[in-house]
Number of protein chains: 2
Amino acid sequence: MTEDHRPATNERKRGSGVKFVYDVLRDDILDLVLAPGSPIDEIQLAERLSMSRTPIREALVRLASEGLVATLPNRSTVVAPIDFLNMQAFFDALTLMYRVTARLAAQYRTEQNLDLIRAEQARFTRAVEKHDALEMIATNAEFHKAIAAAARNPYFATLSNRLLDEGRRLMRVYYSSFADHLPQPYVLEHEDIIAAIVTQDPAEADRLATAHANQIVSHIKALIARDDRMHVTL
Amino acid sequence: MTEDHRPATNERKRGSGVKFVYDVLRDDILDLVLAPGSPIDEIQLAERLSMSRTPIREALVRLASEGLVATLPNRSTVVAPIDFLNMQAFFDALTLMYRVTARLAAQYRTEQNLDLIRAEQARFTRAVEKHDALEMIATNAEFHKAIAAAARNPYFATLSNRLLDEGRRLMRVYYSSFADHLPQPYVLEHEDIIAAIVTQDPAEADRLATAHANQIVSHIKALIARDDRMHVTL
DNA sequence: GCTCAATTTTATGTCGACAAATAAAATACA
DNA sequence: TGTATTTTATTTGTCGACATAAAATTGAGC
């Protein structure tokens with residue numbers, strides 16, 4: 001029975017219910033507070049958040065269409081399992097999105113975009129200095145989301161965000177157990193990518209993003225390889 | 001007051017309600033039966049499909065997260081407008097997905113995939129011979145969805161399907177008014193792409209898909225150019 | 001003691017109703 | 001007559017309750 005230590009939910013504005021539930025569940029899923037594959041009880045949730053089941057179901061429908069939960073008809077909804085067998089598809093998609101968003105960001109970024117990208121990079125750097133793995137994972141995702149936003153393409157942005165969320169969950173599987181630290185190179189690689197976006201050099205941004213993606217992919221693959229969960233579908 | 005000429009909806013199995021509404025609305029939106037930007041009245045829909053508002057709202061949430069409808073808080077839900085201003089983002093995404101799915105399909109396709117791809121191409125060819133523009137648009141989308149399925153990457157498949165649906169809607173804007181016919185080249189280009197997938201030549205599949213995408217993009221651009229709706233957001 | 005069937009239980013899918021928020025209509029006022 | 005303000009009406013967001021489908025439990029038969 002998990003306690004709910006969020007701001008007093010008793011007084012909420014009309015119409016914000018679904019979004020509230022959506023945010024709560026999304027955070028819990030991405031932070032692995034809710035384990036992949038674990039069932040979500042609508043009634044329990046309704047009681048915990050002190051609201052009716054209707055807004056909760058609507059939030060679940062939305063999460064389902066984003067692939068964060070899976071709905072079994074007439075049976076319980078479960079947190080989306082992590083598919084360790086089809087990991088290559090994830091890596092392919094992540095690499096391509098890194099490349100294309102970096103390339104387009106180099107073309108279309110505004111000063112405002114650069115401000116946000118630099119801010120997220122600063123947060124990431126601080127997390128690395130603190131050796132806070134969980135914070136690193138989260139801020140790394142935000143950094144790449146900022147680049148995706150600068151690319152000015154909602155289709156790519158949507159897919160990128162989905163992949164980054166999925167990746168965040170994947171990394172937590174490993175870093176929540178043994179508190180490790182991400183290799184330093186990532187900070188420098190980010191800096192290089194920023195430089196290419198600032199100077200509006202799409203080809204260079206693409207090249208650097210590719211290298212960066214390869215780095216991360218082999219990193220995750222190494223994590224998976226030294227683990228025996230790889231053949232289990234969580 | 002649109003009449004509903006679908007199979008008698010009175011007896012439906014439990015749990016199929018949301019999917020039923022989803023399918024009905026989706027079809028109506030993609031076929032432009034529901035005009036972009038037009039409001040969707042939950043109560044009317046509930047009466048027309050003879051069910052309560054709950055499953056209808058859940059279907060709308062799902063459609064919203066797929067970008068087919070837009071929900072204005074505390075106000076009516078509307079069919080997603082077609083954004084003629086940001087069309088380049090759509091073209092970029094479509095081109096990239098054509099390329100990457102063709103490339104991956106050439107690598108990973110099974111015999112079963114080939115069967116489906118050939119079947120869809122046959123349907124497309126028949127539609128072209130009949131000069132049935134609407135059927136062409138639909139079968140063309142299905143052909144590319146079959147390729148996307150063969151690529152064995154759910155992330156790319158999801159984005160591809162979304163873009164193909166959006167494209168279908170876009171084409172209907174033009175072809176529903178003046179019944180034209182798609183240029184013959186498309187049939188041959190499809191055949192070439194199939195050949196590259198059959199012989200498992202990713203580079204060639206990529207090259208052909210790129211050319212095919214460019215063809216379609218310039219086709220749509222021409223349609224838009226000779227129309228004065230381009231600066232209006234439907 | 002084990003397997004299968006009937007029964008209970010739990011959780012989902014759907015419904016009708018109420019309350020709040022926005023849009024539309026009606027009224028007052030300059 | 002045109003504009004601002006109140007009133008009405010429509011429509012959404014949320015609720016509690018009921019019906020139904022699986023799962024869990026119990027009991028019967030071998």
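Lettering of chains follows the sequences in order, A, B, ..., and the numbering in each one begins at 1. Both backbone and side-chain heavy atoms feed into the values below; hydrogens, waters and symmetry mates do not.
Residue-to-nucleotide contacts include a donor-acceptor pair under 3.5 Å from the side chain of B:R53 to the base of D:dG13.
Summarising the geometry, the separation between CG on B:L45 and P on D:dT11 is reported as 13 Å, rounded to the nearest angstrom.
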Polar pairs (N or O, both sides) under 3.5 Å between protein and nucleotides 5-8 of chain D?
none

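Take the nearest nucleotide of DNA chain D for A:T54 and for A:P73: the residue whose nucleotide is more 5' is A:T54. Comparing A:T77 and B:S52 by the nucleotide of DNA chain C that holds the closest heavy atom to each, the one mapping nearer the 5' end is A:T77.
Residues from residues 59-72 of chain B placing a heavy atom under 4.0 Å of any atom in DNA chain D do not occur.
The backbone N or O of A:A127 lies less than 3.5 Å from no partner atom in the side chain of A:D132, so there is not a single donor-acceptor pair. Under the 3.5 Å distance criterion, the side-chain polar atoms of A:R172 are matched with a main-chain donor or acceptor of A:L134.
Side chains of B:N140 and B:H190: a donor on one and an acceptor on the other come within 3.5 Å.
B:I56 comes within contact range of no nucleotide atom at all, as no heavy-atom separation falls under 4.0 Å.
No cation-pi contact links A:R152 to A:Y108, judged by a cut-off of 6.0 Å to the six-membered ring centre and 45° from its axis.
Between B:R168 and B:A141, the closest heavy-atom pair is CD-CB, 4.4 Å.
Contact between the side-chain N/O atoms of A:R75 and the OP1/OP2 oxygens of C:dT12 is not found at any separation under 4.0 Å.
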